[in-house]
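Take a look at the structure below.
Throughout, protein chains are lettered first and strands after them, A, B, ... in sequence-line order, and every chain is numbered starting at 1.
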Amino acid sequence: MQSGLCHSSTLLAANNMSCSTTVAIGNSVFPPNSNSKSRNSQNRREVISLLQKCKHYQIPQIHAKIIRNGQDQDPFVVFELLRLCSNLKSIDYASKVFRRTQSPNVYLYTALIDGFVSSGYYLDAIRLYCQMVNEFIFPDKYAITSVLKACGFGLALEEGREVHAQALKLGLSSNRSIRMKLMGLYGKCGEFESARQVFDEMPEGDAVAATVMITCYAEYGLVEEASGVFDGLREKDTVCWTAMIDGLVKNGEMNRALEVFRDMQRKNVWPNEVTLVCVLSACSHLGALELGRWVCSYIDKNNIECNCIVGGALINMYSRCGDIDGAVEVFSRMKKRDVSTYNSMIEGLAMHGKSTMAIEMFREMMKRGLKPNSITFVKVLNACSHGGLVELGFEIFHSMTNSHGIQPQIEHYGCVVDLLARSGRIEEAYSFIERTKMAPDHIMLGALLSACKIHRNLELGERVAEMLVNCDDADSGTFALLSNVYAASGKWKEAARVRALTKEAGTPKEPGCSLIEVNNEIHEFLLGDIRHPQKENIYRKLEELNPVLKREGYSPATEVVLHDIGERQKEWALAIHSERLAICYGLISTKPCTTLRIVKNLRVCNDCHSMIKLIAKITKRKIIMRDRHRFHHFENGACSCGDYW
DNA sequence: TTAGGGTTAG
């Protein structure tokens, strides 16, 4: 939340302006002392009409005209001026105009409170409201609505409750807008009993009120409660459907989100651009390329503007679903691009191992006058890291402070550690961490540990492992990696200790899960999954493949399995990693030569990686797989990651 | 003669 006082900006010094002897508005000139009511109201109408058409840079000019006309105390004119400043985000100017108004009425207070809210100065808005009440100016329904908005965004629950009490006293509590803001206030503050009470007292069937409730519930992860409100509403409009879809997406319920979207279509409710952005986000997570492509053509056919948000969502969808060419095509067709557009494109290219193109994109962005932000540098440094561009990476890292005035944060340092470690300069990466004097996070240490494992530097690996065990923020993925490193060097006790630590910390290992889209439907597989209706055929395919793979020289790399179990059991456990099941299902349910696209939630293990390379070779298929870190394009026995991931 | 609705990416 932003708070505190507004920053100062230049304001036309009203007191220094002399009143002219003629009053000029637009092209008309009136003689002085012509105070007839009709002329005044004509002048006012003209100025108000000018204000309504005014651009940001014209504010001082038109304000000067208002002062010259002697209209700077006219509440109607000042009201329009304040609204204009607020809409154009000139809140400093607005507050100075307000301060020069001798006796502001409730309209002017409300206009400035609204201005503070839309600029994010919630505390200022609440203070101004208090000032108004202290001046014995009675709040009306508009003032109360505005200050409740401020209380909601500013999470000022106590102040909000006081305003609620005032609304009750003033007999305004049944006003629909006020109720809506009260729901928003209580919902944002997690006071669902109060929010629900206000909602239940409202007339049934109000889609807007239901949307507010759904959004509040979803923000707190209360998906079932949100769903309950949604299902209980008979007539749902586009925004309400969208809020439900978005709520599910934000809570990781992608399949349910797409189900709701399909239901929306069955009920003939038209999606708008916001709906489509939410659906695209679900597609991105699931790797649902077919549906994503459908959304893309829907946008084209229905002339929906491909603005930066829609375009960015499309780029993310294509690149995260494994179709980087599709992402590039969307990017090149976009008429307007901002930093986020470039960030998405750079990220996509980097994830697909196209580091040089990612760097070119970064340069093109700067050539076009767009300033890279902190996120841009994370993406570009990642590209350098995946492409082994160590020197260039360093150059870009240093340019952050030297040329762009951006202070590197822990994620940037993490990128440099990854950059060095990946290329085998592990000791250098370690001393870089020491030099930064910043407590390393689990991502940084994880990158280093991963490199220790790949470059077989177990001595340093152990030192890093100790640091990781003592690291507060390590997640299940990092612990799994650590446990893997111990298991790989036969240190079963340590491996077990890490597993126990993970349990203690309440971060059990996330179960491996792979998704594949076939005929517009997402199929989900877990380790050794037997839920799929085609399970017999899937496992038969797996058995069929095993001897062929062995003939091709595949031998299971059993050390990647964590538990200290017998060789045959290890082999068996490896054989049913979720990605293998997804691939076998893809093989039996698509035509020969069809590219298979898999999305996996964890990092692919060594063994599956070698096996998939061979499957791609034997079956003459392209297999594109997204794991937790990047994309792997398997083709003809090789992988685009160059066996480093 | 002054004003008000809920849903979007990174």
To the nearest Å, how far apart are [X] [atom1] and [N] [atom2]?
| X | N | atom1 | atom2 | value |
| --- | --- | --- | --- | --- |
| A/M317 | B/dG10 | CE | C1' | 17 Å |
| A/I346 | B/dA9 | CD1 | P | 20 Å |
| A/L172 | B/dA3 | CG | C1' | 15 Å |
| A/M213 | B/dG6 | CE | C1' | 13 Å |
| A/L81 | B/dA3 | CG | C1' | 16 Å |

Is the A/H63 ring parallel, tilted or perpendicular to the A/Y93 ring (thresholds 30°, 60°)?
perpendicular

Quiz item: [X] side-chain donor-acceptor pair to [N] base, under 3.5 Å:
| X | N | answer |
| --- | --- | --- |
| A/N343 | B/dA9 | no |
| A/K141 | B/dG4 | yes |
| A/D114 | B/dG4 | no |
| A/R83 | B/dT2 | no |
| A/D246 | B/dG6 | no |

Among the nucleotides [options], which one has an atom lying closest to any side-chain atom of [X]?
| X | options | result |
| --- | --- | --- |
| A/T145 | B/dT7, B/dG10, B/dG4 | B/dG4 |
| A/Y142 | B/dG10, B/dA3, B/dT7 | B/dA3 |
| A/E347 | B/dG10, B/dG6, B/dG4 | B/dG10 |
| A/T211 | B/dT2, B/dG4, B/dG6 | B/dG6 |
| A/D338 | B/dA9, B/dT8, B/dT1 | B/dA9 |
| A/Y107 | B/dG4, B/dA3, B/dA9 | B/dA3 |
| A/F79 | B/dA3, B/dG6, B/dT8 | B/dA3 |
| A/N105 | B/dG6, B/dT2, B/dA9 | B/dT2 |
| A/V239 | B/dT1, B/dG6, B/dG4 | B/dG6 |
| A/K379 | B/dT2, B/dG10, B/dT8 | B/dG10 |

So [X], base contact, sugar-phosphate only, or nothing? Heavy-atom distance under 4.0 Å.
| X | result |
| --- | --- |
| A/D74 | nothing |
| A/T215 | sugar-phosphate |
| A/K149 | nothing |
| A/C308 | nothing |
| A/A209 | nothing |
| A/D206 | base |

Is any side-chain heavy atom of A/R179 closer than 4.5 Å to one of A/S173?
no

OP1 or OP2 of [N] under 4.0 Å from side-chain N/O of [X]:
| X | N | answer |
| --- | --- | --- |
| A/K236 | B/dT7 | no |
| A/N316 | B/dG10 | yes |
| A/R320 | B/dG10 | yes |

Return the set of residues passing side-chain contact (heavy atoms from CB on, under 4.5 Å) with A/N373 (not counting sequence neighbours), or none when no residue passes.
A/V339, A/N343, A/I375, A/T376

Can you check whether A/Y413 and A/F397 have ring centres sitting under 6.0 Å from each other?
yes

May I ask you to check whether A/F261 and A/W241 place their ring centres under 6.0 Å from each other?
no

With stacking defined as ring centroids separated by under 5.5 Å and planes differing by under 30°, is A/F76 stacked against B/dT1?
yes

Give a yes or no on this: more than 12 heavy atoms of other residues, nucleotides or ligands lie within 6.0 Å of atom NZ of A/K354.
no

